[in-house]
Amino acid sequence: MSNPYPYGYEGWGEKFSRKVKENPYVPAGCLLTTGALIMSAVKMRNGESKQMNYWMRARVGLQGVTLAALVVGTMVLRAEREKAALADQATIAAPGSDAEALVKQREKDEFEARLKGAEVAVEEEVGLVSRVVRGPAVVKHERQQPTPSAAAPALDSSSPLPVSDSGKKSWWKIW
């Protein structure tokens, strides 16, 4: 199944699977911690306080192991990325290599991918704008061109209040 999102975007399923592949011990630790919590709740319901305390302590220990796995996995992943970046720089800096052409090609490919993503976003926006429902007041307003006499409310010479179409004086017409 191909990725339905443009280049550079990933859905929650792809992100979850990528994170599990990068650090598989964290989800396992989360599942074990949840299992220990469920077991402690079962033991509490059955009235087995010693077993409940055992499972609560196990939960705390498993939370610590999960946290340690998260920290160690993050450090290992960072080291691997730095190592890959150094290898890329060494490839670029190698004398006699066609490094400049590779860098320019990579930049061109990245630019084209970003451009394609922007075009997809523009197409989505145009599609959304075309589906906007316009009410009759908006359409009526767009068709009418304001005339100089209609733009300013009519004032009665004896009163500072504007006179409405029905001939009544109203404060609302000022606003």
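Counting begins at 1 with the first residue of the sequence. What you see is a predicted model; the values in this text were computed from it and never measured.
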Could you list the donor-acceptor pairs under 3.5 angstrom formed between side-chain atoms of residues 39-46 and any protein atom two or more places apart in sequence or on another chain?
residue: Ser40; atom: OG; partner: Leu37; partner atom: O; Å: 2.7
residue: Asn46; atom: ND2; partner: Val42; partner atom: O; Å: 3.4

Identify each donor-acceptor pair in which a side-chain atom of residues 48-64 lies under 3.5 Å from a protein atom, sequence neighbours left out, and give them as a table.
residue: Asn53; atom: ND2; partner: Ser49; partner atom: O; Å: 3.4
residue: Arg59; atom: NH1; partner: Gln63; partner atom: OE1; Å: 3.1

Worksheet item: Could you walk me through whether Arg78 and Thr74 pass the side-chain contact (heavy atoms from CB on, under 4.5 Å) check?
Response: CA-CA 6 Å; Arg78 178 191 235 175; Thr74 302; 5.6 Å; no
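Interatomic distance, CD of Glu112 versus CG of Leu115, reported as 8.0 Å (0.5 Å rounding). Note that CD of Glu123 and CD of Glu125 are 11.0 Å apart. Values are rounded to the nearest 0.5 Å.
By the side chain to side chain contact (heavy atoms under 4.5 Å, CB included) test, Val76 is found to be paired with Val72, Glu80, residues two or more places apart in sequence or in another chain being considered. The salt bridge (charged side-chain N to carboxylate O under 4.0 Å, His left out) check on Arg18 picks up Glu10, Glu22, with sequence neighbours excluded. For Val20, the side chain to side chain contact (heavy atoms under 4.5 Å, CB included) test picks out Phe16, Pro27, with sequence neighbours left out. With sequence neighbours left out, Thr66 forms a side chain to side chain contact (heavy atoms under 4.5 Å, CB included) with Val26, Cys30, Thr33.
Glu14 contributes a side-chain N or O that, together with a main-chain N or O of Gly11, makes up a donor-acceptor pair within less than 3.5 Å.
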